[in-house]
Amino acid sequence: MQDHHSHKHKHKDKDREKSKDKSRDKHKDKHKDKHRDKDKHKEKSKEKERKHDKEERKQGKEDRKQSKEDKKLDKEEKKKGKEKHKAEKASYVEVKNEPLSEDDDIPLATRSFSQTSQDSEDDDQPLAFRKKIKTEAKAEKPVKRKAEDMTSDNEDDYAASNKKNKKIKEEKKAKAGKKPAAVNGASPTKRVKKEKKEEEETWKWWEEEKHEDGVKWKSLEHKGPVFATDYEPLPGNVKFLYSGKEMKLAAAAEEVGSFYAAMLEHDYVTKDVFNKNFFKDWRKFMTHSEKEIITDLKKCDFTHMLTYFKAKSEEKKNRTKEEKQQLKAENEETVKEYGWCIIDGHKQRIGNFKIEPPGLFRGRGDHPKMGMVKRRVMPEDVIINCSKGTAPKPPAGHKWKEVRHDNTVTWLASWTENVQGQVKYIMLNSASRLKGEKDWQKYEIARQLKDSVEKIRETYKEDWKSKEMKIRQRSVALYFIDKLALRAGNEKDEDQADTVGACSLRVEHISLHEQKNGKQCVVVFDFLGKDSIRYYNEVPVEKRVFKNLQIFMENKKPGDDLFDRLNTTIMNKHLNDLMEGLTAKVFRTFNASNTLQEQLDSLTDPKSTVTEKILAYNRANRAVAILCNHQRAVPKTFAKSMENLQKKIDAKRDAIEDAEKSYKDLKKEAKRTGSAASKIAAGKKEKQVEKLKEQLMKLEVQATDREENKEIALGTSKLNYLDPRISVAWCKKNGVPIEKIYNKTQRDKFQWAIDMAGPEFVF
DNA sequence: ATGGAGACTTAGCAGTCCGTGT
DNA sequence: ACACGGACTGCTAAGTCTCCAT
């Protein structure tokens, strides 16, 4: 297990200094990267290939897009394509008859693959044509309601439908059972509620009975969301110029134009896609005559607007104390009114009670939709979810789109966003029971995996030899998920940034090296994952994995799927067969938490000081962050603050030197005179030197720590992957105050763990 | 099976807050 | 008192996974 994660990302993307966007772009387009200088040559041709391939991929997209226009045709096309594909692949893809034997050294190229009758054809077909184009985000989808949503206001009806819900879910989850409960005494104790008094502050929901399966609440009451403030037209002296001439825009166009103006200095506006999308959408907000005049974004001059916004924010910064206080008070007032809900009789904080304001869509990476206008959400777009008879009032003069009472979901309000057509939700804060319980359950499943992971690993290693291609691919992908903590890798639409995970890796994302840096069978991963964050890793793998990968890559183009018979549904279905509740993401949670536990166990010296222990904790945390590839942009001020720190270190060094010198003098003096006073003075100096040295050490540690941390984000793993009970137990065992590890928000979120985990807890 | 919608978790960034050293 | 820089918070995009209709 240990060696499982022994690799580390030695090569970070050094381009991440400054602007991430820039560096990402570079990635995609130029394939820069210093660490690659070595095989520059190779790289170059490869690069060409990739570019070429990218084009092909694009072409493919286009084709598909087009065919979508005529669905019938499309279907036929697909069929044809599939058959063709089948025929093409059949010649090389079948391995069933020839499992790799243990000592198989025949060059792969000379292998011949034949088909046997036992393979059901369909079983072993590539899952071709996976990509789809999402139909344009529909402006208005027909409202789909759950059958059990009540349409009447009858309370019986409510109860009845509740029951129905329960029943439905129960049937489905009958086998899923209450498993988190059983493990390691961690189950919610069935203690009865106690002391109602302080309960408002701290509701120990973890000591209560859980809801029946599928039911998320019994009662839910809230005030509805807060809408973005209305648009405030610009003062008359703030001008927009077109072709150098002043032009007064109507409110609608002015508002959208100002979104752009405010971003004028952002990297986004250097991107064609962004500008194109923005301009196209902007025109939709123009009056007829505006549209006629404004035909070229390049002729637009927003600089006055930007200056105005900057001045305004400067003004904001310079507000007096009183003004600031007043504003704070006002904000607190809205939080008080809208930031809370009452759920099952308890007041709980809402996470995001404000509706997203309009603006320009800021997709990450190479997002095809960046720059599109995200329009203003009105009450008429919003669905409210709450208990019967408690619906909040819509803002004056408005109506809700719908009010429903669905207690099988956790959201309080929702709307459909126009850019991607996704549903957005207002939900509870992470300190709430609803979120906390789920979080707890997540870690319980991860702990279950700990118990069966060895078996699972044996299984997938065995499957590397399977004669069925599908199973081999599955087992290799699972190996990546487990060993490298890769994400599952769902298929993505064409109208999203091109990023991948384990199941969606393409041939172009890995390269195989029989030998690299003295290691055998090295796989180099280089792809963009979630949020277009680059994953680069050189991993020595088992020979069998290496050979399998060679087979998977045979006769494929760079843009082809590496695992052409695999997707996340197949993977998760298999995982669920191995262990109830197991999905791909559980491996990430498990490996992260497990790593933390192991690292803490090995790095913590019980005799060391609290400071040193915290350092050890951060090291452990960092190991996890690296495993999960949690990166961040190097802070803008990093270089400068590092320089300052270095200055301090130098100053300290000088101070030590001086002190040492005077210590020597004093010692000499003491020896010479033999006076008690000078001896004492010498002794004092000695202590001072020691103290200074200690300070220097601390500074140096800090410098290393900061340097090592500059492009690693610790927060994400702390918040989402590390079982808080590990940290809590560690704190309790080592006498480290929990506040040193978790700040206030984090303590709120992990209240349950802080309360229930004793020093003896082990993940 | 497949695809799409829906629900919920995970993610990095940007702006603000706040403590610290000068 | 003030400037600096790191910590924290809020925001919302981007994943995962389930469910349901076809």
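Per chain, numbering begins at 1; letters A, B, ... match sequence-line order.
- Taking side-chain N and O atoms only, A:Lys585 has no distance below 4.0 Å to OP1 or OP2 of C:dC17.
- At least one side-chain nitrogen or oxygen of A:Thr499 sits closer than 4.0 Å to the OP1 or OP2 atom of C:dG15.
- At the heavy-atom level, A:Lys216 lies under 4.0 Å from the strands shown only through sugar-phosphate atoms.
- Residue A:Gly715 is out of contact with every strand shown, counting any heavy-atom pair closer than 4.0 Å.
- Listed nucleotides: B:dA11, C:dT12, B:dG6. Nearest to the side chain of A:Lys374: C:dT12.
- Distance CG (A:Asn567) to C1' (B:dG4): 15 Å, rounded to an integer number of Å.
- Along DNA chain B, the nucleotide nearest A:Lys324 and the nucleotide nearest A:Tyr721 are compared for position; the residue whose nucleotide lies closer to the 5' end is A:Tyr721.
- Between A:His266 and B:dC13 there is no side-chain N or O to OP1 or OP2 distance below 4.0 Å.
- For A:His367 and A:Phe361, the gap between ring centers is short of 6.0 Å.
- Using a 4.0 Å cut-off between a side-chain N of Lys or Arg and a carboxylate O of Asp or Glu, A:Asp748 and A:Lys744 qualify as a salt bridge.
- Contact check, A:Arg632 against B:dA11: no side-chain N or O comes under 4.0 Å of OP1 or OP2.
- Residue A:Thr410 places at least one side-chain N or O under 4.0 Å from the OP1 or OP2 atom of B:dC8.
- One can place NZ of A:Lys424 at 16 Å from P of B:dA5, the figure rounded to the nearest angstrom.
- Salt-bridge formation is not detected for the pair A:Lys312/A:Glu315: no Lys NZ or Arg NE/NH1/NH2 atom is positioned less than 4.0 Å from an Asp or Glu carboxylate oxygen.
- Comparing A:Arg487 and A:Glu356 against DNA chain C, the residue whose closest nucleotide sits nearer the 5' end is A:Glu356.
- The side chain of A:Arg534 places no N or O atom within less than 4.0 Å of a non-bridging phosphate oxygen (OP1 or OP2) of B:dG12.
- B:dA7 atom P lies 13 Å from atom CH2 of A:Trp217, rounded to whole Å.
- Within the nucleic acid shown, A:Gly501 has no heavy atom closer than 4.0 Å to any nucleic acid atom.
- Between A:Arg622 and A:Glu708 there is a salt bridge, with a side-chain nitrogen of the basic residue lying less than 4.0 Å from a carboxylate oxygen of the acidic one.
- Put simply, A:Asn352 has no side-chain N or O that comes within less than 4.0 Å of OP1 or OP2 on C:dC11.
- Contact annotation: A:Thr583 side-chain N/O to C:dC17 OP1/OP2 distance is under 4.0 Å.
- DNA chain C is contacted by both A:Gln746 and A:Gly529; A:Gln746 maps to the nucleotide lying nearer its 5′ end (nearest heavy atom per residue).
- At the heavy-atom level, A:Thr569 lies nowhere under 4.0 Å from the strands shown.
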Just the table, please: protein N/O against nucleotides 2-6 of chain C N/O, every pair under 3.5 Å.
from: C:dG5; atom 1: OP1; to: A:Asn644; atom 2: ND2; distance (Å): 3.2
from: C:dG6; atom 1: OP1; to: A:Ser641; atom 2: OG; distance (Å): 2.6
from: C:dG6; atom 1: OP1; to: A:Arg706; atom 2: NH1; distance (Å): 3.1

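- You'll find that the side chain of A:Lys316 is closest to B:dT16, out of C:dT16, B:dA7, B:dT16.
- Look at CG on A:Asn490: it is 14 Å from C1' on B:dC8, rounded to the nearest Å.
- Of the listed nucleotides (C:dG10, B:dA7, B:dA11), C:dG10 has the atom at the smallest distance from the side chain of A:Arg349.
- The backbone N or O of A:Arg487 sits nowhere less than 3.5 Å from a side-chain atom of A:Lys585 that would complete a donor-acceptor pair.
- Distances shorter than 4.0 Å separate none of the side-chain N or O atoms of A:Lys328 from OP1 or OP2 on B:dT16.
- Nucleotide B:dG6 holds its C1' atom 14 Å from the CD atom of A:Glu402, rounded to whole Å.
- A heavy-atom distance below 4.5 Å is not found between the side chains of A:Gln496 and A:Asp366.
- Between A:Phe480 and A:Phe525, the closest side-chain pair of non-hydrogen atoms falls below 4.5 Å.
- For the pair A:Lys438 and B:dC8, the criterion of a side-chain N or O lying under 4.0 Å from OP1 or OP2 is not met.
- The CZ-P distance, from A:Arg364 to B:dG12, rounds to 9 Å in whole Å.
- Closest approach to the A:Asn743 side chain among B:dA14, C:dC8, B:dA11 is made by C:dC8 (side chain taken as heavy atoms from C-beta onward).
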Going through the distances and angles, do A:Lys401 and A:Asp381 end up as a salt bridge (charged side-chain N to carboxylate O under 4.0 Å, His left out)?
CA-CA 5 Å; A:Lys401 178 177 180 180; A:Asp381 301 315; over 6 Å; no
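- Positionally, the nearest nucleotide of DNA chain B for A:Tyr425 lies more toward the 5' end than for the other of A:Tyr425 and A:Lys442.
- In this model, the phosphate group of B:dT9 is not approached by any side-chain N or O of A:Asn720 to a distance below 4.0 Å at OP1 or OP2.
- In this structure, A:Lys438 forms no cation-pi arrangement with A:Trp752, as its terminal cationic atom is not both closer than 6.0 Å to the ring centre and no more than 45° off the ring axis.
- For A:Lys530 and B:dT10, a side-chain-to-base donor-acceptor distance below 3.5 Å is present, hydrogens and geometry of angles not being considered.
- Proximity of A:Gln420 to the phosphate of C:dA14: a side-chain N or O atom is located under 4.0 Å from OP1 or OP2.
- Taking 4.0 angstrom as the limit, A:His367 places a side-chain polar atom (N or O) nearer than this to OP1 or OP2 of C:dA14.
- Side-chain contact between A:Lys718 and A:Asn621: present, with at least one pair of heavy atoms (C-beta onward) separated by less than 4.5 Å.
- Atom CG in A:Asp493 sits roughly 7 Å away from atom P in B:dG4 (whole-Å rounding).
- At whole-Å resolution of the value, NZ in A:Lys718 and P in B:dA11 are 16 Å apart.
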